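The basis for the numbers below is simple: all heavy atoms, side chains too, and nothing from hydrogens, waters or symmetry mates. Proteins come first, then strands; the chains are lettered A, B, ... in the order of their sequence lines, and each starts at number 1. Remember, predicted model here, so these are calculated numbers, not experimental data.
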Number of protein chains: 2
Amino acid sequence: MSGIDIFKVLADPTRRVVLERLATTELTATDLREGFAISQPAMSHHLAVLRAAGLISERREGRFAYYRMAPEGLAPLHYWIARYKAFWPSRIDSLKDLLKEMDQ
Amino acid sequence: MSGIDIFKVLADPTRRVVLERLATTELTATDLREGFAISQPAMSHHLAVLRAAGLISERREGRFAYYRMAPEGLAPLHYWIARYKAFWPSRIDSLKDLLKEMDQ
DNA sequence: ATAACACATAAGTCTATGCTTATGTATGTG
DNA sequence: CACATACATAAGCATAGACTTATGTGTTAT
């Protein structure tokens, strides 16, 4: 029990966008604010929440803080959803099939 | 865009327990209250939220409402997490490996 | 040394949401 | 018919959480 609810962490849309950006690049807190109508402290707090959940990692360099995604942080979610795949209709087993479905 | 945020829906621990119970059995709203210190309207509301998200289905029979899980409702979550598996360390690819990791 | 910068923390506000009790609606039962 | 049961909806409250401005801490630049 980490005491942190990953579902609550990911329930915030801003945090999900942040995570998406950090999946491919390493960015500073200021870089990340671009595109958001959000104050610096607000972003700082979101990053703290994501970090506490193990979803991002931080690299300090002077006065800059570089963040990037920590994919292993999604393991609890992966684990959670995996338990339900036993009941899964086989057609949504693969991403390919899922995308086909979504096109309809 | 369904307008419903599945992450917010699943962010509530009570709703996750409800979902877990409904994965294996079909139960009525009253049955589901067992084990929860929760009022009948509160449970009714949770069920409405889960239903709106497509996570459970309802079968009416007289004055009873039987609920059960609708696994396809998890497809959006499956889809979301799948996008990150590209960045995934291979060791958390399978549930077996994940469980091994969690034992440590 | 002073100032600018990058970020974190603190304090206070506002809204979302989960809860309660009260009431409504439909379906059964004596 | 009257009454109980199963569930939904309404109204109001209380807490959680996302936001703001103000301030603090450490680092680089002039």
Next item on the list: Count the heavy atoms of every other residue, nucleotide or ligand shown that sit under 6.0 Å from CZ of Arg16(A), and state whether that count exceeds 12.
Entry: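 Enclosed.
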Check: Is the number of heavy atoms from other residues, nucleotides or ligands under 6.0 Å of Arg68(B) CZ greater than 12?
Finding: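 No.
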Just call it for [X]: base, sugar-phosphate, or nothing, with non-hydrogen atoms closer than 4.0 Å on any strand.
{"X": "Tyr66(B)", "result": "nothing"}
{"X": "His46(B)", "result": "sugar-phosphate"}
{"X": "Arg15(A)", "result": "sugar-phosphate"}

Notebook entry, point to check: Under a 4.0 Å heavy-atom cut-off, which of residues 31-42 of chain A touch DNA chain C?
Noted result: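 Within this stretch, Gln40(A), Pro41(A) sit under 4.0 Å of the strand.
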Item checked: Distance-minimising heavy-atom pair for Leu32(B) and Met43(B) ->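 Closest heavy-atom pair between Leu32(B) and Met43(B): O-CE, 3.6 Å.
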Next item on the list: Could you pull out the closest heavy-atom pair between Leu47(A) and Ala29(A), with the gap in Å?
Entry: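 Leu47(A) and Ala29(A) have their closest heavy atoms at CD1-CB, 3.7 Å.
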Check: Where each residue is assigned the nucleotide of DNA chain D containing its nearest heavy atom, which of Val49(A) and Gly62(A) is assigned the position nearer the 5′ end?
Finding: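 The residue mapped nearer the 5' terminus is Val49(A).
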Item checked: Where chain B begins and ends its contact with DNA chain D, read 5' to 3' at 4.0 Å from heavy atoms ->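 For DNA chain D, the relevant span reads dT5(D) to dT9(D).
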Next item on the list: Answer yes or no: is there a side-chain heavy-atom contact under 4.5 Å between Asp12(A) and Val49(A)?
Entry: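 Side chain of Asp12(A) against side chain of Val49(A), heavy atoms only: no contact under 4.5 Å found.
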Checklist line | Close side-chain approach of Leu74(A) and Trp88(B), heavy atoms under 4.5 Å | finding: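 Contact flag for Leu74(A)/Trp88(B) side chains = yes.
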Note to self: Gln40(B): which residues meet the side-chain hydrogen bond (donor to acceptor under 3.5 Å, both in side chains) condition with it, sequence neighbours left out?
What the structure shows: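 Gln40(B) satisfies side-chain hydrogen bond (donor to acceptor under 3.5 Å, both in side chains) with no residue once adjacent residues are dropped.
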Euclidean distance, atom [atom1] of residue [X] to atom [atom2] of [N] [Å, nearest integer]:
{"X": "Lys8(A)", "N": "dT17(C)", "atom1": "NZ", "atom2": "C1'", "answer": "11 Å"}
{"X": "Arg63(B)", "N": "dT29(C)", "atom1": "CZ", "atom2": "C1'", "answer": "8 Å"}
{"X": "His45(B)", "N": "dT21(C)", "atom1": "NE2", "atom2": "C1'", "answer": "16 Å"}
{"X": "Glu61(B)", "N": "dT27(C)", "atom1": "CD", "atom2": "P", "answer": "13 Å"}
{"X": "Phe64(A)", "N": "dA8(C)", "atom1": "CZ", "atom2": "P", "answer": "13 Å"}
{"X": "Leu10(B)", "N": "dG18(C)", "atom1": "CG", "atom2": "P", "answer": "12 Å"}

Notebook entry, point to check: Can you tell me how far NZ of Lys8(A) sits from NZ of Lys8(B), rounded to the nearest 0.5 angstrom?
Noted result: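 If we round to the nearest 0.5 Å, Lys8(B):NZ and Lys8(A):NZ are 13.5 Å apart.
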Note to self: With a 4.0 Å cut-off on N to O distance, would you call Glu20(B) and Arg83(A) a salt bridge?
What the structure shows: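 Salt bridge: yes.
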